[in-house]
Amino acid sequence: MEMKTSAIVLHALKYGESQLIVDLFTRDAGRVSFFCHLPKSNKGKIKKQLFQPLTLLEVVFDYRPQASMQRFRDLRLAKPFGSVPFDPVKLSISLFLAEFLNYATRNEQQNELLYDYVEDSLLWLDNVSGQYANFHLVFMMRLSRFIGFFPNLAESDAHQWFDLRNSVFTAVRPPHPDYLEPAEASRIALLMRMNYKNMHLFRMSQAERNRCVEIILNYYRLHVPGFPEMKSLPVLQTLFR
């Protein structure tokens, strides 16, 4: 079945001298892996530059659900970024989010709402000129809504514990080690009140922001099987001093 769909590049791995294995998150088929040959000349449509992390593509391929990897029939750059690849801070955020999405969406099937959220978020980051230090926090927390473990804030208050396993606030300490004490549980409620428009109003130090990242990643590890340590995290932690 021929499929034409929007796609976001998550990861590309060189295979041999002139081949790539490329992992995409597509709007119409979810996660799809591709095997492709890179032409020796610059005349071909498939160019290595198209597979930079989080590049937005339009791809055409013969979709074979039983195959472990697909092959492109056609592809093109859909919406080129104007600032993300050229701004060192935005580039560092994008590399972190590409690695994060590569793990967080590993088993995702077709999920148009999730795809649209990710694409719209990336375009927002590309267009914003400042005050985006909390972008990655908002992005990761709100992504959990689309993959099934958005925190339940119904019972939240300043004296509640947060049960990381069950995504709920509770008046008593959970009977397992995966929880946040009230002082840190309040960070979850704070994060969930933030969005891209108002996040600049929530002032955080670098240490506070990095602690929020650690909490969010731990939260994902509890809910996404096989979610590993993030290799790009140390670079992210140096930003926004």
Side-chain angles (χ1 to χ4, degrees), residues 89-90 92-108 113-114 117-118 121-122 124-125 128 130-241:
V89 175
K90 288 186 179 182
S92 296
I93 293 173
S94 72
L95 293 175
F96 171 82
L97 293 182
E99 184 183 5
F100 169 79
L101 286 168
N102 191 38
Y103 300 133
T105 66
R106 183 179 290 162
N107 298 313
E108 284 296 316
L113 291 176
L114 172 57
Y117 167 74
V118 174
S121 296
L122 297 177
W124 187 94
L125 177 63
V128 73
Q131 298 184 318
Y132 55 88
N134 294 327
F135 175 83
H136 53 293
L137 304 180
V138 176
F139 179 88
M140 290 190 291
M141 285 305 300
R142 293 192 171 269
L143 187 89
S144 67
R145 184 188 297 275
F146 299 95
I147 54 181
F149 48 91
F150 189 73
N152 184 346
L153 301 181
E155 302 297 328
S156 65
D157 66 42
H159 307 291
Q160 299 274 339
W161 305 72
F162 185 68
D163 185 331
L164 290 163
R165 289 187 186 179
N166 297 300
S167 304
V168 295
F169 287 86
T170 175
V172 296
R173 183 171 62 185
H176 56 72
D178 299 316
Y179 61 80
L180 298 176
E181 295 184 3
E184 287 211 312
S186 62
R187 295 177 188 268
I188 298 295
L190 175 70
L191 289 169
M192 299 319 300
R193 292 199 301 270
M194 293 166 57
N195 56 49
Y196 298 144
K197 291 183 178 180
N198 70 16
M199 64 185 184
H200 67 281
L201 301 174
F202 295 80
R203 302 288 183 177
M204 292 189 194
S205 67
Q206 184 186 55
E208 289 171 331
R209 189 174 293 110
N210 288 342
R211 177 55 183 156
C212 286
V213 172
E214 291 175 1
I215 291 171
I216 295 170
L217 291 178
N218 186 41
Y219 185 55
Y220 270 83
R221 289 188 190 99
L222 291 169
H223 293 273
V224 178
F227 198 103
E229 297 294 325
M230 298 277 290
K231 294 180 180 179
S232 56
L233 180 59
V235 175
L236 185 79
Q237 290 173 324
T238 66
L239 303 179
F240 306 114
R241 294 185 177 181

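Residues Glu99 and Glu229 come closest through the heavy atom pair OE2-O, 4.1 Å. Shortest non-hydrogen contact noted between Glu208 and Ser205 is OE1-N, 2.9 Å. In terms of heavy-atom proximity, Gln160 sits nearest to Ala185 at O-CB, 3.5 Å. When all heavy atoms of Asp163 and Arg165 are compared, the closest pair comes out as OD1-N, 3.0 Å. Nearest heavy atoms, Tyr103 versus Val224: O-CG1, 3.7 Å. The two atoms that bring Arg142 and Arg193 nearest to each other are NH2-C, 4.4 Å, heavy atoms only.
Remark: Arg173 CZ is loosely packed, at most 12 non-hydrogen atoms of other residues, nucleotides or ligands lying under 6.0 Å away. Counting heavy-atom neighbours within 6.0 Å of Asn107 CG, excluding the residue itself, gives a total of 12 or less.
Looking only at side-chain heavy atoms (C-beta outward), Met192 and Phe150 come within less than 4.5 Å of each other. At least one side-chain heavy atom of Lys90 sits less than 4.5 Å from a side-chain heavy atom of Val128. A 4.5 Å side-chain heavy-atom check between Leu137 and Met204 finds at least one atom pair inside the cut-off. Residues Phe202 and His200 have side chains not in contact (no heavy-atom distance under 4.5 Å, counting atoms from C-beta outward). No side-chain heavy atom of Arg221 sits less than 4.5 Å from a side-chain heavy atom of Asp178. In this structure, the side chains of Leu217 and Leu233 come closer than 4.5 Å at one or more pairs of heavy atoms.
Between Met194 atom CE and Leu201 atom CG the span is 9.5 Å, to the nearest 0.5 Å. Going from atom CG of Leu222 over to atom CG of Asn166 covers 10.0 Å, rounded to the nearest 0.5 Å. A distance of 7.0 Å separates SG in Cys212 from CG in Leu190, rounded to the nearest 0.5 Å. The CE atom of Met230 sits 10.5 Å away from atom CG of Leu95, with the distance rounded to the nearest 0.5 Å. Atom CD1 in Ile215 sits 11.0 Å away from atom CE in Met140 (nearest 0.5 Å). If you take OG on Ser167 and OH on Tyr219, they are separated by 2.5 Å, rounding to the nearest 0.5 Å.
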Requested in this report: In sequence, state the C-alpha distance, the side-chain angles, and the governing distance for Arg211 and Glu184, and then conclude on salt bridge (charged side-chain N to carboxylate O under 4.0 Å, His left out).
Outcome: CA-CA 9 Å; Arg211 177 55 183 156; Glu184 287 211 312; 2.6 Å; yes
Requested in this report: Give the C-alpha distance, both sets of side-chain angles, the deciding distance and a yes or no for side chain to side chain contact (heavy atoms under 4.5 Å, CB included) between Leu101 and Leu143.
Outcome: CA-CA 10 Å; Leu101 286 168; Leu143 187 89; 4.1 Å; yes
Requested in this report: Could you go through the side chain to side chain contact (heavy atoms under 4.5 Å, CB included) check for Glu214 and Gln237 one step at a time?
Outcome: CA-CA 10 Å; Glu214 291 175 1; Gln237 290 173 324; 4.0 Å; yes
**Report entry** Residues Tyr132, Met199; criterion side chain to side chain contact (heavy atoms under 4.5 Å, CB included); working and verdict
**Finding:** CA-CA 8 Å; Tyr132 55 88; Met199 64 185 184; 3.9 Å; yes
Requested in this report: Show your reasoning for whether side chain to side chain contact (heavy atoms under 4.5 Å, CB included) applies to Leu180 and Arg187.
Outcome: CA-CA 9 Å; Leu180 298 176; Arg187 295 177 188 268; 6.0 Å; no
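The aromatic rings of Phe100 and Phe96 sit parallel to each other, their planes meeting at less than 30°, with 60° as the upper class boundary. Ring planes of His136 and Phe240: parallel class, angle under 30° (limits at 30 and 60°). Between Phe227 and Tyr220, the two ring planes are tilted [angle within 30° to 60°].
Between the side chain of Asn198 and the backbone N or O of Asn195, at least one donor-acceptor pair lies under 3.5 Å.
In summary, the aromatic rings of Tyr196 and Phe139 are positioned with their centroids too far apart to meet the 6.0 Å limit.
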